[in-house]
Protein chains: 2
Amino acid sequence: MVRRNIPLVEQVLHELVSDIDRGEYAHADGMLPSEADLALNFKVSRATVRDALSRLETAGVVIRRHGVGTFVNQFVTEHPAGLQDWFEEAHGFVDALTSLGGDPQVLVLRSVIEPAGEMSTRLQLPSHENPVIILEKVITSAGAPLIHSLNAIPLALLPSELQAQGAELASQSDSTFRFLETYCHCRVHHQQSEIRATLAGAHLASVLAYAPTEPCLRVEEVAYSVDLVPLFYGLNHFRGDLVSFRQIRRPTLNLTNVPS
Amino acid sequence: MVRRNIPLVEQVLHELVSDIDRGEYAHADGMLPSEADLALNFKVSRATVRDALSRLETAGVVIRRHGVGTFVNQFVTEHPAGLQDWFEEAHGFVDALTSLGGDPQVLVLRSVIEPAGEMSTRLQLPSHENPVIILEKVITSAGAPLIHSLNAIPLALLPSELQAQGAELASQSDSTFRFLETYCHCRVHHQQSEIRATLAGAHLASVLAYAPTEPCLRVEEVAYSVDLVPLFYGLNHFRGDLVSFRQIRRPTLNLTNVPS
DNA sequence: AAGTGGTCTAGACCACCAT
DNA sequence: TGGTGGTCTAGACCACTTA
């Protein structure tokens, strides 16, 4: 499954990223060479360099200023990614925690196959009776329970010969993402999330070793494949005293130049 | 300050957006014409069409599938933007509320000039003594107080002849964004935000007509100009029962094709 | 095999910012 | 005025999906 023939854009991308990581442009203003120079150095066309720089810009790694130059966003390079960025990127918190060196422990509270019930709407299942794999977990890091998570995966995504063992396979996987890729051969393209503040309440308090009257971040989400098929529903609660999320906010489309 | 000579990419962008809004591609799968066809119709090169489509894709309006086609993300077209999207876009909540037809009321609780104190670090001011404009507001919509916001703007951003009236001018502006553009001639490029869950507490409860033991979303942020000068610090609290934020989460950079 | 988006080039000109 | 990023073109070929 390894791709040969890595596109030039991605090679340039990697070069630039590792140059930035190595602190190549860490001097005063962090300005990169001009696009023309980069094109010469990498022996590619300027369009290819621009493509790579555009991707770095949308990722927030670099800031381009018309008539001035391209600069590394030093805030990003100075602040290593962690659980804080989980809400911005789309991947499991277990991965986010391990990449931070947090050594997370996953405790599976429940893994069963049940009718979807009210979740059928969000998962675009025809009826409340369609079966889903329910996975309830608590993630602990450095001895403290941080996250309670409840996932529902439509059983129909699993090849029929594996459906009987669905609950088992899911509970043994590192994360829902990996489970979907390994057994369902599908990949999460994006997630639609909603975040709000709630009180822990009795159930969460007991599994998170928290007080019922303490605040939590509640993130509800649906993951979709590239062709907009719902892959799973998630309801996650984060201890308000231990977890926060970071985000870079930026206007995306500039639709202000309306002529009419 | 109006730009003539609107770039072709932006014109194509607008055409596509209004076509999508008009429901031009609202049939079954929402597939757009091929890039080659669009280029022919708009009488531009395919590269220009691709540029426009790329921007729509990063904005989440459109999904491109290699070898298949380009499709409108019907979730986005079906769910009109509102305050929920405030945390993803970077603009004031007053604008977000008005665009929703919410008719927000702004109550200025305080507008004074004070030493920056502990906020000097985040605003990259040389000393705690540097003056900032403090602006404390409550935003009410449909009779309910939704948001408490505290902003601190370095006084030095204001032209010296206006600094004496700084607090007044800020309190009379619709939003901090407009104040910065109108009087300081600078524009917010992006914001670094952090979101967490807290309890309201005594002060917030009184101004938000809420109970002290109820949950709030707490968003702390610093806005930067394109050359990374901090423009303002913001500390915002949202009533947990009335406000939630939506977000599309998606992996940004694909750095998995690491050859070495 | 036909149609789609993805990559890549070389070259041109424009718009912006500093000096 | 010189250097930077932004726009734009025409054409080529590749990679992926579907039938």
Side-chain angles (χ1 to χ4, degrees), chain A residues 1-16 25 28-58 62-73 185-187 189 225-227 229 253-254 257, chain B residues 1-16 25 28-58 62-73 185-187 189 225-227 254 257:
Chain A
M1 202 50 186
V2 183
R3 278 229 315 296
R4 315 287 175 215
N5 285 342
I6 297 174
L8 280 182
V9 204
E10 296 197 11
Q11 297 183 42
V12 171
L13 203 53
H14 280 106
E15 287 295 331
L16 288 171
Y25 313 115
D29 55 357
M31 183 167 155
L32 271 64
S34 74
E35 298 179 347
D37 286 349
L38 288 172
L40 282 176
N41 295 343
F42 291 132
K43 289 177 187 150
V44 298
S45 74
R46 193 180 148 216
T48 303
V49 170
R50 278 187 61 75
D51 193 351
L53 288 176
S54 296
R55 300 187 197 189
L56 287 177
E57 188 179 34
T58 40
V62 130
I63 296 176
R64 298 204 273 188
R65 296 167 61 190
H66 193 174
V68 184
T70 303
F71 303 80
V72 301
N73 184 349
H185 311 289
C186 54
R187 195 187 200 76
H189 174 264
S225 69
V226 71
D227 43 0
V229 174
L253 280 182
N254 187 2
N257 296 328
Chain B
M1 203 49 188
V2 184
R3 279 230 316 295
R4 312 294 172 207
N5 286 345
I6 297 173
L8 279 181
V9 205
E10 297 197 10
Q11 296 183 43
V12 171
L13 202 55
H14 281 106
E15 287 295 331
L16 289 170
Y25 314 114
D29 55 358
M31 182 167 154
L32 271 63
S34 74
E35 298 178 347
D37 285 350
L38 288 172
L40 283 175
N41 296 342
F42 291 133
K43 290 175 186 151
V44 298
S45 73
R46 195 183 147 214
T48 303
V49 169
R50 277 187 62 75
D51 193 351
L53 288 176
S54 297
R55 301 188 197 187
L56 286 177
E57 188 179 36
T58 43
V62 130
I63 296 175
R64 298 203 273 189
R65 296 167 60 190
H66 193 174
V68 184
T70 303
F71 303 80
V72 301
N73 183 350
H185 310 291
C186 54
R187 196 185 201 76
H189 174 265
S225 68
V226 70
D227 44 359
N254 188 0
N257 296 328

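Only this structure's heavy atoms are used, side chains among them; waters, hydrogens and symmetry mates stay out. Chain naming here is simple, since letters A, B, ... match the order of the sequence lines and numbering starts at 1 in each.
Across the protein-nucleic acid pair, B:Arg65 atom CZ and C:dG5 atom P stand 11 Å apart, rounded to whole Å. In this structure, the CG atom of B:Leu13 is 11 Å from the P atom of D:dC8, given to the nearest Å. If you take CD of A:Glu35 and P of D:dT7, they are 11 Å apart, rounded to a whole angstrom. D:dA10 atom P lies 11 Å from atom CG of B:Leu8, rounded to whole Å. Atom CZ in A:Phe71 sits about 11 Å away from atom C1' in C:dC17, given to the nearest Å. Atom CG of B:Leu40 and atom P of D:dA10 are 11 Å apart (whole Å). B:Asp227 has its CG atom 11 Å from the P atom of C:dC17, to the nearest Å. Here the P atom of nucleotide D:dG3 and the CG atom of A:Leu32 are 19 Å apart, to the nearest Å.
With distances taken from any side-chain atom of A:His66 to the nucleotides C:dG5, D:dC8, D:dG6, the minimum falls on D:dG6.
Residues from residues 43-57 of chain A lying near DNA chain C, meaning a heavy-atom separation below 4.0 Å, are A:Val44, A:Ser45, A:Arg46, A:Ala47, A:Thr48, A:Arg55 in numerical order.
The distance from atom CZ of B:Phe42 to atom CG of B:Leu16, rounded to the nearest 0.5 Å, is 4.5 Å. Atom CD of A:Glu57 sits about 13.5 Å away from atom CZ of A:Arg55, to the nearest 0.5 Å. One finds the CG atom of B:Leu8 at 11.5 Å from the CD atom of B:Glu15 (value rounded to the nearest 0.5 Å). Atom CD1 of A:Ile63 and atom NE2 of B:His189 lie 5.0 Å apart (nearest 0.5 Å). Remark: B:Glu10 CD to B:Thr48 OG1 distance equals 12.0 Å, nearest 0.5 Å.
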message: Walk me through whether A:Val44 and A:Gln11 qualify under side-chain contact (heavy atoms from CB on, under 4.5 Å).
response: CA-CA 11 Å; A:Val44 298; A:Gln11 297 183 42; over 6 Å; no

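B:Thr70 pairs with exactly one of B:Arg64, B:Met31, B:Arg65, B:Arg50 by the side-chain contact (heavy atoms from CB on, under 4.5 Å) rule, that one being B:Arg64.
Contact check, A:Thr70 against D:dT4: no side-chain N or O comes under 4.0 Å of OP1 or OP2. The phosphate of D:dT4 (OP1 or OP2) has no side-chain N or O of A:Arg64 nearer than 4.0 angstrom. Contact annotation: B:Asn5 reaches the phosphate of C:dA15 (side-chain N/O to OP1 or OP2, under 4.0 Å).
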